[in-house]
Amino acid sequence: MPFPVTEIPKTYDPKQVEPRWYAAWERSRLFEASEASSRPPFSMAIPPPNITGSLHMGHALNNTLQDVLLRFYRLQGYEGCWVPGTDHGGIATQNVVEKQLLNEGRSRTDLGREAFLRRLWSWKEECGDTILHQLKRLGCALDWSRKRFTLEDPCAQAVLEAFRLFWEQGLLYRERRMVNWCVRCGTALSDIEVEHEDRQDKLYYVRYPSRENPGDFLVVATTRPETILADMAVAVHPEDARYQGWIGRRLLRPLNPGGKVSEIAVVADEGVDREFGTGALKVTPGHDPLDYEIAQRHNLYDFLEVIGLDGRMREHTGPPFAGSDRFEARRLAEAALREKDLLEKEEPYRHSVGVCYRCGEVIEPLLSYQWFLRMGALIAPAIEAAREGRLRFYPESWRQPYLQWLENLKDWCLSRQIWWGHRIPVYYCGNCHQDELFFRPDPKSAWSRHSPTVVGSHRTPAGVYGSYRGMREALGAKAYQTALQGADRMWVRTPRGPMCKLEAPARCETCSGTEIFQDPDVLDTWFSSALWPFSIWGWPKSSRAFQKFYPTHTLVTGYEILYLWVARMVLFGCYFLKREPFARVLIHGIVRDAKGKKMSKSLGNVVDPLEVIDRFGADALRFSLIQQAVPGRDIQCTEDSWVGARNFANKLYNVSRFVQMQLSGARPVGPDRASLAHLADRWILSRLCATQLQVGRSYGECRLDEAARCLYSFVWDDFCDWYVEFAKLRTPAPLSVLLEVLSRIFRLLHPMMPFLTEDLWHRLFPVSERDFLLNSAWPRSLEDFSDPEAERRMQHLQEVIGAIRTLRHQMRLSPVAPLEAHCLFREDSLAELFAEHAGAVKRLARLQALYLLREEKKPPHCATLLVSGGEIFVPLGGQMDVGRERARLEESLQAMDQEVVRLDARLSNRSFLDKAPAREVEKVRSRKRELETQRQGILRRLASVQ
RNA sequence: GGGCGGUUAACUCAGUGGUAGAGUGCCAUCCUUACAAGAUGGAAGUCAGAGGUUCGAAUCCUCUACCGCCCACCA
């Protein structure tokens, strides 16, 4: 009894299926890995999304790829463990919450550090897991029992421990240095957190008067005239003939803090580019990294610093500059120079400007106290790992950039002057540290009224520098306490060295003083990210999970965070554990919109993955992304690609429905090689064998895109279009093969389309509710079923069926016009083949009759088809259009002639015959023979068609 | 300034030495009892350009053009 069609809907509805299965998986704790398992481990650490925002296409792609790998390796018999988690996201998250406060008309200093942090934690509780929850809709097989957050234990503990270990090894130091300062975020950034943007600016040519003869100028080109106020010298190239006479002379600084004119020297330095501008460079060591280096080379240590941490000109610059924004100051400087007739000219100039990767504000190079990590000792192992193949990149082309980055690596600026993050575990003693502090007080506090009197300090709009002891003395104990509470932050220079402790010490180790305070800075959020592949398992504590699952197997990520994150994980993993944190890095591209533009909120071109899931299903979204995810290459996401993937899902759904309808009570046993009699059976299993091999290989080599395309074409072209069409004619239906093929398709495809395959698996096979596909196994090898002979024979049938279908169109016949075919084959085996499968050929070519001729007995009024190994005559009777038939034959004759010419050219080429492999030559020869035979046939037909 | 990647059908892209592929779109025909989210057939490409290596090049090498990305102390 066929299953009544009406009971199963004709189109697949993912909405009915997907949520149900994810719930079932979770209920059964299907994704929870066991460290006690004897199966080999396959572990992955999710790239933890920041707790800002919600799922976007990039996450969807990244996590789909991971889920495919996880599910594939689980089917392969591995103990799969994929750890979910989120990143506190330092500056990014703090910015989000600060923006909220701003809308309420408040700032973080209004709240104070503690209240602000409380607010961030409640944000985290509220929105932090949004993305993780959304990943469930995508089907991700994450082990929820192991969810981590970078700011909580065990990850937070790992951060402290890592810092302490670095400290003990002497790799940490605190120094006043030129760093990238974001005046908007109010923090230092590491070098890779600075992005470069091309900007249209002006290049100013400024006259620096000679001291001896103020009418004599040396002209310097600069884009930043506001920093002239902090110029300490002018540098020229030592071999620049134009300036030999100037070296060693004194110049008058064109603009001066407080208007007090002072002198600067002309120095010679190799660092100067003679080609640029006038070949003379103004040296501003307080606000430019190159100038800082040059100044050091010339022992210029007494720098002027004119731009404050808030991006405004500092007080001592005097009118009209003091207090103005640095860009406003640029215009003021331009005007002042013009007024003094020191501006020779200006020209439009395009150059790249460093901006903050979090807020886009132009970076200000500034001197400030920061914590740095010495990278020198960490680099070599990370390089070796990649050189020696213990760490592999997919695609390999990313290995070189990775190595180059490491080779040029400088020390890492770790400290951030924000509040949200891992507070640096360093403690200072109020008694015995002779320190210099920087306070940025709450403007409403009493402290700000006292500050101008502080000893030895200089003041900026941002705050006050001064010595710790000096401040206390100046303020008195009480006001000083208030100041400490109100202080936004402070930098401390420590002649005797502070203490690094996992917990706040009660008293000073040196003097037993109890006035202990912690370094106010937090660590770069990427510091905790670098520990992620081992902190998630509880490192530094050793645990069974850690033993079992570290190192992780594969890291999947986008190339945009290769340095920011991937390289640093390798550095840290190799350093702390002497073992790279993963063996493979699968690098995918960026998801772009239909026009190839990067998706961004500001462009308004973001496509919401959840919306795509609603419309097309998670499986369709996944399959579409996978299909396009050639390693390292960007992906365009378009409506079309979702539709195509959804149609594929529907195709598989329907072919399964078809098989289901054939099922009656008894379940057939699986086919075995010996008893496979039917050509179609042998053929489809042979094709399946090749497909399974290819798909397995592709999955294993991180070519998920390849696996997707391979399965797509097997399912659609081979199975649906040919095998099932053959099967429809057979009674009883070849259920054992149909089910075997489907059962294998489900398992091969499950990593990419988990919901649909799970659903169909349960519908078609007598498995219990809890026998999940993910717990089944990758199908055993089909190599026994490989059958090239069957594939060849099938090809003959396909060719003839195709030729007759084409003929109908060429002769403008209706697809249902009654036709018969008379076949004449040169080999008996072919005749037997067609005799055996006459039914299928008749049906698929829609013939009324199929005759096999023993000798040439061409019926009258017929069209002739030349096929491999024979000819097919199709009588057309009254519908025969002689002219059309002649044209058709002539056209194919022409095509053959062209091909023959090409083949002849190759065969008459001595060096081809001599040098090409014999197999290749034989291929050409046999093609030529076949063509010749067909050609003769056509010529005979042409002669007889009147 | 250095480096990397791309340029293949109208569109989006596969294809690393044997003579060009897919999906979508287009044209034509078809409600053939799994699927119109389908079936069948078709048109459509000097594989960016030039040179080289090779019996043979979309594929390897060199150069050029355009597009994109990364790195760099472009004052």
Side-chain angles (χ1 to χ4, degrees), chain A residues 2 5 8 10-12 178 191-192 196 203 220-224 227 235 271-273 275-278 280-284 288-294 349-354 365 395 397-398 400-401 404-405 408 559-560 562-563 589-590 594 596 616 620 624 627-628 630 632-641 643-662 705-706 709 712-713 717 720-721 724-725 728 801-802 805-810 812-816 843-846 902 906 909-917 919-921 923-924:
Chain A
V5 178
I8 318 171
K10 282 176 141 190
T11 50
Y12 172 55
M178 177 117 331
D191 294 339
I192 30 174
H196 291 89
L203 188 59
V220 171
T222 181
T223 52
R224 302 200 59 192
T227 64
V272 177
D273 177 2
E275 308 299 317
F276 189 91
T278 61
L281 164 72
K282 68 191 215 50
V283 180
T284 318
D288 184 280
L290 171 65
D291 295 4
Y292 182 73
E293 279 176 32
I294 293 178
Y349 183 57
R350 199 166 180 78
H351 64 149
S352 95
V353 173
S397 55
W398 280 105
Q400 199 53 33
Q404 265 173 23
W405 186 78
N408 299 316
Y559 53 74
E560 70 275 14
L562 182 68
Y563 310 130
I590 289 172
F616 301 102
S624 150
Q627 222 177 350
Q628 300 176 79
V630 179
R633 301 283 283 264
D634 289 351
I635 287 176
Q636 285 209 354
C637 90
T638 62
E639 183 91 5
D640 276 357
S641 72
V643 172
R646 179 207 51 189
N647 292 355
F648 177 59
N650 194 52
K651 189 75 178 175
L652 183 64
Y653 168 82
N654 268 297
V655 78
S656 303
R657 193 165 72 104
F658 168 75
V659 173
Q660 194 171 3
M661 287 189 291
Q662 312 299 313
D705 60 308
E706 214 170 65
R709 284 191 295 267
Y712 182 100
S713 106
D717 304 341
C720 294
D721 286 353
V724 170
E725 292 306 320
K728 282 177 181 170
I801 292 164
R805 286 169 170 173
T806 306
L807 178 76
R808 284 185 189 273
H809 279 265
Q810 286 177 329
R812 314 273 158 91
L813 300 172
S814 137
V816 287
R843 161 149 173 154
L844 295 182
R846 308 186 100 198
R902 282 208 307 275
R906 298 179 72 185
N909 183 340
R910 258 253 83 80
S911 31
F912 174 68
L913 300 176
D914 291 346
K915 295 183 182 169
R919 205 169 49 90
E920 199 57 38
V921 177
K923 229 163 77 183
V924 177

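Just so it is clear: chains get the letters A, B, ... in the order the sequence lines come, proteins before strands, and each one is counted from 1.
Base pairing of rA57(B) is not made with any nucleotide, judged by Watson-Crick or G-U wobble geometry with both donor-acceptor distances under 3.5 Å. When Watson-Crick and G-U wobble pairs are counted only if both distances are under 3.5 Å, rC31(B) pairs with no nucleotide at all. Nucleotide rA43(B) is matched to nothing when pairs are restricted to Watson-Crick or G-U wobble geometry with both distances under 3.5 angstrom. The partner of rA10(B) is rU24(B), judged by Watson-Crick or G-U wobble contacts that both fall below 3.5 Å. rA48(B): Watson-Crick or G-U partner is rU64(B), with both key distances under 3.5 Å.
Considering only side-chain atoms of Lys915(A), the nucleotide from rC55(B), rG18(B), rU12(B) that sits closest is rC55(B). Across rG41(B), rA34(B), rU19(B), the shortest atom-to-atom separation from the side chain of Arg906(A) is found for rU19(B). Comparing atom distances between the Val630(A) side chain and each of rG41(B), rA14(B), rC55(B) picks out rA14(B) as nearest. Nearest nucleotide to the side chain of Tyr563(A), out of rA34(B), rA72(B), rC70(B): rC70(B). Of the candidates rU40(B), rA72(B), rA75(B), rA75(B) carries the atom nearest the His351(A) side chain, counting heavy atoms from C-beta on. The side chain of Arg843(A) approaches rU33(B) more closely than any other nucleotide in the set rG42(B), rG18(B), rU33(B).
For Arg709(A) (side chain) and Gln627(A) (main-chain N/O), a donor-acceptor pair under 3.5 Å exists by modelled atom type. The closest donor-acceptor contact from the side chain of Asp291(A) to the backbone of Thr284(A) lies under 3.5 Å. Here the side chain of Arg805(A) pairs no donor or acceptor atom with the backbone of Arg846(A) at under 3.5 angstrom. Not one N or O on the side chain of Arg633(A) forms a donor-acceptor pair closer than 3.5 Å with the backbone of Gly589(A).
Both Arg350(A) and Ser656(A) lie close to RNA chain B; mapped to their nearest nucleotides by heavy-atom distance, the more 5′-ward contact belongs to Ser656(A). Where Thr223(A) and Thr11(A) meet RNA chain B, the nucleotide closest to each residue was compared, and Thr11(A) sits on the side nearer the 5' end.
The residue Tyr12(A) sits close to a base: some heavy atom pair falls under 4.0 Å. The residue Asp273(A) sits close to a base: some heavy atom pair falls under 4.0 Å. Counting any heavy atom pair closer than 4.0 Å across all strands shown, Tyr653(A) reaches no nucleic acid atom. Residue-level contact check: Val272(A) touches the bases, meaning some heavy atom is under 4.0 Å from a base atom. Among the protein residues, Thr638(A) comes within range of no part of the nucleic acid, since none of its heavy atoms lies under 4.0 Å from any strand. Contacts of Asn650(A) with the nucleic acid, taken as non-hydrogen atoms under 4.0 Å apart, include base atoms. Within the nucleic acid shown, Glu725(A) comes within 4.0 Å of at least one base atom, counting heavy atoms only. Counting any heavy atom pair closer than 4.0 Å across all strands shown, Arg709(A) reaches sugar-phosphate atoms only and no base atom. Using a 4.0 Å heavy-atom distance criterion, Pro917(A) is classed as a base contact. Counting any heavy atom pair closer than 4.0 Å across all strands shown, Gln636(A) reaches sugar-phosphate atoms only and no base atom. Looking at heavy-atom distances under 4.0 Å, Lys282(A) makes no contact with the nucleic acid at all.
Remark: the separation of the C1' atoms in rU16(B) and rU8(B) is 15 Å, to the nearest Å. For the C1' atoms, the distance from rA44(B) to rG3(B) is 38 Å, rounded to whole Å. For the P atoms, the distance linking rG15(B) with rG5(B) amounts to 14 Å, nearest Å. Comparing the C1' positions of rG42(B) and rA57(B) gives an interatomic distance of 30 Å, to the nearest angstrom. Nucleotides rU19(B) and rA58(B) are separated by 10 Å at their C1' atoms, to the nearest Å. If you take atom P in rG45(B) and the same atom in rC66(B), they sit 27 Å apart, rounded to whole Å. Between rA14(B) and rA48(B), the distance separating the two P atoms is 14 Å to the nearest Å. Rounded to whole Å, the P atom of rU40(B) lies 14 Å from the corresponding atom of rU33(B).
Using a 30° and 60° split on the angle between ring planes, Tyr653(A) and Tyr12(A) fall in the tilted class, from 30° to 60°.
At rA34(B), one or more side-chain N or O atoms of Lys728(A) fall inside 4.0 Å of OP1 or OP2 (strictly under the cut-off). Contact check, Lys10(A) against rG38(B): no side-chain N or O comes under 4.0 Å of OP1 or OP2.
Note that the CG atom of Leu281(A) and the OG1 atom of Thr222(A) stand 8.5 Å from one another [nearest 0.5 Å]. Note that OG1 of Thr11(A) is 9.0 Å distant from CZ of Arg646(A), once rounded to the nearest 0.5 Å.
The 12-atom threshold is exceeded at CZ of Arg350(A), counting heavy atoms of other residues, nucleotides or ligands nearer than 6.0 Å.
Atom pair Glu920(A):CD and rG56(B):C1' shows a separation of 9 Å (rounding to whole Å applied). As rounded to whole Å, 10 Å separates atom C1' of rA37(B) from atom NZ of Lys651(A). Protein atom CG of Asp634(A) is 16 Å distant from nucleotide atom C1' of rA14(B), rounded to whole Å. Gln628(A) has its CD atom 12 Å from the P atom of rU12(B), to the nearest Å. Taking atom CD1 of Ile192(A) as the reference point, atom P of rC70(B) lies 13 Å away to the nearest angstrom. The nearest whole Å value for the distance from the CD1 atom in Ile801(A) to the C1' atom in rU32(B) is 14 Å. Rounded to whole Å, the distance from CG on Leu844(A) to P on rU32(B) is 15 Å. For Arg657(A) and rA37(B), the CZ to P distance is 13 Å, given to the nearest whole Å.
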Would you mind building the protein contact string for nucleotides 2-10 of chain B? One character per nucleotide, 5' to 3', B for base within reach (heavy atoms under 4.0 Å), S for sugar-phosphate only, - for untouched.
-> ----S----
Letter per nucleotide, 5' to 3', of nucleotides 22-30 of chain B [B base touched, S only sugar-phosphate touched, - untouched; heavy atoms, 4.0 Å] | -SS---BSS
